[in-house]
Amino acid sequence: MHRRFIVPGALGAASLMLAIPASAAAHSPGAPGIGDPYYPAYGNGGYDVSHYDLRLKYQPATDRLEGTATILARTTEDLSRFNLDFLLDVGEVRVNGAKAAFTTSGEQELEITPKKPLDKDTPLTVVVRYSGVPSSKEAFGFTSWHRTPDGGVGANEPEAAAWWFPSNDHPLDKATYDVSVQVPDGTQAISNGTLQSTSSRLGWTRWNWRSDKPQATYLTTLAIGKFDLTTGTTESGIPVVNAYSEDLGANDGAARASVERTGEVADWLSDYFGPYPFNALGGYVPNTTTGYALETQTRPFYSPRQFANGSNVSVVVHELAHQWYGDLVSVRGWKDIWINEGFARYAQWLWSEHEGEGTAQELADYTYASHPADDAFWTVKPGDPGPENQFDGAVYDRGALAVQVLRNEIGDDAFFTVLKGWPAKYAHGNASVADFRRYAEEVSGKPLAALFDTWLFQPSKPDAPAASARSL
Ligand code: ARG
Ligand code: ZN
């Protein structure tokens, strides 16, 4: 109550109005983007979400999704209106209990105008009732909802949420989630975190999933289809739930031979990165033709295509490495993608070494030697690749090479201290490449600006690093 004395209008006192600048009295629209130069429309300004409650119903036969999102947030500005990022059809919006006006704009903006302007730093509850066919929606020329023969999957980076729930769609605004989805009996709904319960009535089964650690919107996933679930526990005591489409065909064995090793891999990674940061774990493999895998929090998404040549534990290592590098500590802006992909690739190199398939140093040397100076590979700057090259192979491979160069420069003691210390330092938050450099400088006591500039920010092949040169 006390702080309301600084809010004009709350008291209706003209004398108080005079005491404060006119600009402070104005409630204005929240920005339609959170301020990421790579993706100006992603996320929104003016509020901070703490929790999403999604209560949905999905019909696999028609790909129709309907339900209610209840979003708990707090305003960070005086707002006359604000946006969510969303693509499906909205039937009703309520803000703090009262029906609100809404309209759509741009590629994915849902503009909400509450009855009464919202004061800065006050609780905000938004209820959005909606429905639609996610696979029919396109934004920016593509869809992140993948239809499968028996359902659908929402998984993509840097964006997937807008196809199935309204959100502040940027990793800077993490929140906890309850995802509850009703599907026809005999069908499964897979999401992040812990399966709290399932219940069936009237021919429909409701699946209740909970993520109680902060989670970025793009790391929040939903897959519906006929899945076989397996359960287990890691040596360190984390419950594991994996899910395999019943229709993986010839890839079924290789998929299971890889993803069933999730617990073992997470325990192995924790030696390098610190304790596994979440309380649920697993992986899921839907029957999709999508090419990529994705580090959806606690439960990565794998495409059957990753297992077309037999087992591929390396991709499991990659997606689980992201649980620390990407999920626990997320990018500040999408230009910081090196912290995700460079380190997830480097974890694969460490796994290769562990498996006797080539050391990290050998793989770094190979990466350096196998790309001649005129290869376009060197034109992609892992430290600032641009949105068009965000997931270019160079971000991964040049990125991991830079990690090996850093390791050789600061020595193994400092390097492995950094590798483990970083996830703890920024746990559940966001950080940038510059934050990483400062942290590595602090731990090692060495200036690293030149090394970072050469290996992450130059569009050309650097001179051979001393430690790699010996085997070139
Ligand atoms: N972070 C994902 C991975 O490295 C990459 C996702 C790429 N996304 C895409 N639309 N190509 O596993
Ligand atoms: Zn990755």
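All ligand and atom numbering here is 1-based and tracks the order in the structure.
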| F86 vs F165, ring-ring contact (aromatic ring centres under 6.0 Å, His included): CA-CA, chis, key distance, verdict | CA-CA 7 Å; F86 197 40; F165 68 97; 8.1 Å; no
| said: Counting only heavy atoms closer than 4.0 Å, does ligand 1 sit against the backbone of N340, its side chain, both, or neither? | reply: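 Neither part.
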| What's the spacing between W422 CH2 and Y439 OH if we round to 0.5 Å? |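 Here the rounded value is 9.0 Å.
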| message | Looking only at the aromatic ring of each residue, does the gap between the centers of W334 and Y38 stay below 6.0 angstrom? | response |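 Ring-ring flag for Y38/W334: false, centres at least 6.0 Å apart.
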[X] neighbourhood, listing ligand 1 atoms whose heavy-atom distance to it stays under 4.0 Å:
{"X": "N156", "result": "8 (N), 9 (C), 10 (N)"}
{"X": "E157", "result": "1 (N), 2 (C), 5 (C), 6 (C), 8 (N), 10 (N)"}
{"X": "Y396", "result": "2 (C), 3 (C), 4 (O), 5 (C)"}
{"X": "E341", "result": "1 (N), 2 (C), 3 (C), 4 (O)"}
{"X": "H318", "result": "3 (C), 4 (O), 12 (O)"}
{"X": "A293", "result": "2 (C), 3 (C), 5 (C), 6 (C), 12 (O)"}

| message | Of all the N, O or S atoms in H318, which has the shortest distance to the Zn ion (ligand 2)? | response |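 Nearest N/O/S atom of H318: NE2.
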| said: Assess the residue pair Y42 and F140 against the criterion (ring-ring contact (aromatic ring centres under 6.0 Å, His included)); give the C-alpha distance rounded to whole Å, side-chain angles, the decisive distance to 0.1 Å, and a yes or no. | reply: CA-CA 11 Å; Y42 290 9; F140 311 101; 5.4 Å; yes
| request: Specify the protein heavy atom at minimum distance from atom 11 (N) of ligand 1: its residue, its atom name, and the distance to 0.1 Å. | output: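 That would be Y292 CD2, 3.7 Å.
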| said: Could you check whether R64 makes a cation-pi contact with Y58, meaning its NZ or CZ is under 6.0 Å from the centre of the six-membered ring and within 45° of the ring axis? | reply: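 No - R64 does not lie over the ring of Y58 by the 6.0 Å and 45° rule.
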| Does NZ or CZ of K425 come closer than 6.0 Å to the centre of the six-membered ring of F436, within 45° of the ring's axis? |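 No; the conditions do not both hold, so K425 does not lie above the ring face of F436.
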| message | Checking N208 against S180: is there a side-chain donor and acceptor pair closer than 3.5 Å? | response |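 S180 vs N208: donor-acceptor pair found between side chains.
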| said: Ignoring hydrogens and geometry beyond distance, is a side-chain donor-acceptor pair present between T359 and E353 at under 3.5 Å? | reply: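 Side-chain D/A pair, T359 to E353: absent.
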| Heavy-atom nearest option to atom 12 (O) of ligand 1, drawn from H322, E319, E295 |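 Considering heavy atoms of H322, E319, E295, the nearest to atom 12 (O) of ligand 1 sits in E319.
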| N, O or S atom of E341 closer to the Zn ion (ligand 2) than 2.8 Å |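 A backbone or side-chain N, O or S atom of E341 is under 2.8 Å from the Zn ion (ligand 2).
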